[in-house]
Structures are given as structure tokens and as C-alpha cells.
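See structure below.
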Amino acid sequence: MMEHEIYRFPRERLDALIERLGREYRVVAPVIKGVQHAWEEVRPGTPVALEYPTTLLPPRQFFAPQREVLYRYRKGDDGKVTFETPPTERPVALLGVHGCDLTGLRVLRSFHESSCGDRMVTDRLDQSFILGIACWVPCMAEAFCRDMGSLENEIPADLYAWDFGEVLLLKVLKARGREILADAAPLEAATADEMALLRRRMRVRHEAFPTHLRFPPSKLPVALEAAESDILWDANADRCLSCGRCNLVCPTCTCFDVHDTGSLDGSQGERVRSWHGCQIPGFSRVAGGHDFRPTRTQQLRYRIFRKGKYMPERYGMVGCTGCGRCIKHCPTHISIRDIFRQVGGTA
Ligand code: SF4
Ligand code: SF4
């Protein structure tokens with residue numbers, strides 16, 4: 001931790017930061033929405049909830065949107081077809097991203113760089129501005145970020161914050177973080193007392209995060225392979241409704257469908273990409289009607305293997321950040337954390 005790169009930032013300057021970012025970015029932050037918190041566009045004066053339980057949907061929606069028009073086509077009177085791509089939106093600035101969701105953005109990048117090389121997603125990630133924030137306590141009972149190693153993660157943030165109420169301590173991780181910060185408030189190094197307080201809080205923070213797993217995430221591929229024929233898959237699949245909620249809320253789910261919609265006379269239309277999920281019936285059905293994973297047991301096991309084995313083996317990062325969303329929002333309380341704990345016995 002480089003002390004001279006940690007600045008004190010009075011909370012009352014948050015609006016100045018939002019105003020500064022708003023000149024270049026769509027500024028997005030957690031706000032209260034009904035009984036949940038959600039990522040929403042904010043302006044100076046919007047009540048931003050920097051202390052928040054994990055949002056229903058993760059920030060991946062700003063980089064790989066839930067529905068996105070890839071291009072539109074139109075046939076002219078002369079019979080020629082022209083194509084146009086929708087205008088590019090302003091880049092996004094995210095304020096207050098927890099370690100689990102920072103990790104989710106890293107996984108998103110590693111997937112899109114290593115597999116399909118999707119520049120639409122990686123360009124948005126490159127152009128974004130991110131203020132990460134440390135969690136002092138688990139943001140919800142289902143979280144297991146400490147076990148998955150994402151509690152401490154600060155990448156890919158430009159600035160990283162520790163919240164001390166009236167004052168935030170901000171660590172500069174990228175040059176543009178310092179630039180933006182200097183525009184929003186005079187750069188003032190954290191005092192010796194504030195640094196001592198930060199060190200003390202960081203030393204005891206782990207005690208607030210219980211451990212749930214008996215093994216590090218690097219052992220998951222071996223543990224899962226050994227448990228491939230375990231009855232735990234049938235036992236969980238018996239309760240699964242194939243609703244796909246676990247896919248929709250996950251920060252590391254990347255699957256999508258592409259479909260065309262056109263006018264009846266075929267003169268115009270659009271190609272659209274939208275989120276899909278491996279738990280939704282028909283996801284693995286191919287032309288000719290063959291389904292590679294026709295049973296719920298196969299589908300559920302695939303989701304867990306994808307996170308714990310296939311993603312680390314193919315893209316170099318475990319595909320679960322321990323955010324706990326899929327556990328919290330599963331209508332039948334199927335828990336990836338419990339499944340990891342069960343297969344861990346064989347690691
Ligand atoms: S949220 Fe639960 S019930 Fe729905 S598909 Fe996922 S595991 Fe099955
Ligand atoms: S699998 Fe569940 S706990 Fe893991 S990152 Fe996805 S939503 Fe979060």
C-alpha cells in the first residue's frame with residue numbers, strides 16, 4: 001500500500017466527483033429501488049447508496065447489455081440493402097463497485113478476450129471509469145467472497161475507496177483516477193492517524209467474514225471432476241425450476257442468443273443480441289432437435305462445472321466471485337456455496 005497514493009476525500013465532495021465524471025461519462029451508482037438496490041444513472045444531488053447490499057443485477061449490464069441491437073438493415077427503392085449500427089453510447093463510470101463485482105468484470109474481460117474476442121464488450125470495459133469500494137462486513141448472508149478471493153480484489157478500479165463516514169480514503173490505481181480526483185477536490189494525502197486507522201480496520205476485517213469452504217478455489221476443478229457422478233446433482237436438480245434466475249443475476253454469466261426481427265415484407269429489420277442462460281430449457285438444443293443436456297441434472301451440473309472448472313481451465317479465472325446473488329434469488333434455495341462445500345470434501 002503506497003501511502004502517498006492514498007488521499008482523503010470529504011464525502012461532501014461526492015457531488016463534485018459526479019459532476020466531473022458526468023462531463024465524459026454516464027455516471028452510474030447504487031441507489032435504493034423499492035426494497036432492493038440497483039445500478040442507476042445518477043446526477044449531482046441523487047442520493048447515492050455507497051453502503052449497500054449487493055444489487056439485484058451486477059454491473060455487467062453496462063458492458064454486455066441485456067438486449068442490444070447489433071445492426072439494422074433496410075432495403076431501398078432501388079433494391080439495395082443498407083446496414084447501420086446504432087450510435088455508440090457514452091462510456092460508463094461506475095461508483096462504489098464491491099470486490100465481487102470488480103472480479104466479475106475481470107472474468108467478463110478474460111472471457112471476451114480469450115473466447116470470441118468481442119470488441120464491443122472489451123472496448124466498453126477499456127473506456128469505463130471505475131471507483132471500487134471496500135466492504136467492511138458481508139453485504140448479505142449468502143455472500144462468500146472471502147472464500148473465492150474476491151473480497152480483497154481492487155482490479156480493474158481506477159480509484160479504490162475505504163469508507164470512514166464523513167471522509168473516504170481513496171487509493172489511486174490508475175493515472176486517470178488521480179486526474180479525475182484532482183478535478184473534484186484538492187488532493188490531500190491521508191493523515192498518519194487515518195492511515196493507522198485504515199491498517200487497524202484492515203487487520204480485523206477478515207474476522208467479520210466467516211469462511212464457508214475448506215479449500216482454495218484453485219482446487220475446484222479437481223474437486224468437481226471427482227464429484228461428477230455424485231448424487232448431489234440429482235438431489236439439487238429435483239428442486240430446480242429451470243427458471244434461469246441464477247444465470248440472469250450472475251456477474252460472470254456471458255451466454256447470449258442472437259436473433260433477427262424483420263418486417264413482413266422483408267424490407268427492414270434488425271439483428272439483436274440478448275442474454276441467454278444454460279438453465280433455461282432449450283439452451284443446449286441444436287438444429288435437428290438434438291439437445292446436448294436434456295435433463296435438469298445435466299443442466300444444473302453444467303452451470304456449476306462452468307463456474308468452477310471450465311472457466312478456470314479455459315479462461316484462467318474461476319467463474320464464481322462468491323457474490324451470493326444466485327443463492328439469494330433462487331426460488332428453491334439451491335446454493336452453489338453448499339455444492340462447493342460438499343464437493344470440497346474430495347479435494
Ligand atoms: S434460480 Fe434456482 S430454480 Fe431457477 S434455474 Fe437457477 S438453480 Fe434452478
Ligand atoms: S455463481 Fe452465484 S455466487 Fe458465483 S458469481 Fe455467479 S451469482 Fe455470484
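Atoms within a ligand are numbered from 1 in the order they appear, just like the ligands themselves. Remember, it's a predicted structure, so these values are computed and weren't measured experimentally. FYI, the numbering just counts along the sequence from 1.
- Using a 4.0 Å cut-off to heavy atoms of R245, the atoms of ligand 1 that qualify are 1 (S).
- Look at E51 and R11 and you find no salt bridge, because none of the NZ, NE, NH1 or NH2 atoms lies under 4.0 Å from a carboxylate O.
- Using bins of under 30°, 30° to 60° and over 60° for the plane-to-plane angle, the ring pair H37/Y52 lands in the tilted bin.
- Among protein heavy atoms, the minimum distance from atom 8 (Fe) of ligand 1 is reached at C240 SG, 2.3 Å.
- Under the 4.5 Å side-chain criterion, counting only non-hydrogen atoms from C-beta, P156 is in contact with I130.
- Close approach to T321 involves these atoms of ligand 2, each under 4.0 Å from a residue heavy atom: 4 (Fe), 5 (S).
- Within the listing of ligand 1, atoms 7 (S) sit less than 4.0 angstrom from a heavy atom of I334.
- With a heavy-atom cut-off of 4.0 Å, S242 touches ligand 1 through its backbone alone.
- Contact annotation: C320 places an N, O or S atom under 2.8 Å from atom 4 (Fe) of ligand 2.
- Residue contact check: P251 has heavy atoms under 4.0 Å from atoms 5 (S), 6 (Fe), 7 (S), 8 (Fe) of ligand 2.
- The distance from ligand 1 to the heavy atoms of Q279 drops below 4.0 Å at these ligand atoms: 5 (S).
- Salt-bridge check for D101 with R325: passed, with a basic side-chain N closer than 4.0 Å to an acidic carboxylate O.
- Counting heavy atoms closer than 4.0 Å to ligand 2, residue I336 contributes side-chain atoms (C-beta onward) but none from N, CA, C or O.
- Residue contact check: C246 has heavy atoms under 4.0 Å from atoms 1 (S), 5 (S), 6 (Fe), 7 (S) of ligand 1.
- Using a 4.0 Å cut-off to heavy atoms of C326, the atoms of ligand 2 that qualify are 1 (S), 2 (Fe), 3 (S), 7 (S).
- For ligand 2, the atoms sitting less than 4.0 Å from at least one non-hydrogen atom of G324 are 3 (S), 8 (Fe), numbered in the order shown with element in parentheses.
- The number of heavy-atom neighbours closer than 6.0 Å to CG of D77, taken from other residues, nucleotides and ligands shown, is 12 or below.
- With values rounded to the nearest 0.5 angstrom, F129 atom CZ is found 9.0 Å from K174 atom NZ.
- Close approach of ligand 1 to L241 (heavy-atom distance below 4.0 Å) involves ligand atoms 3 (S), 8 (Fe).
- One distance of note links CZ of F62 with CZ of R26; it measures 6.5 Å at 0.5 Å rounding.
- Ring pair Y71/F83 is perpendicular by interplanar angle, where above 60° counts as perpendicular and below 30° as parallel.
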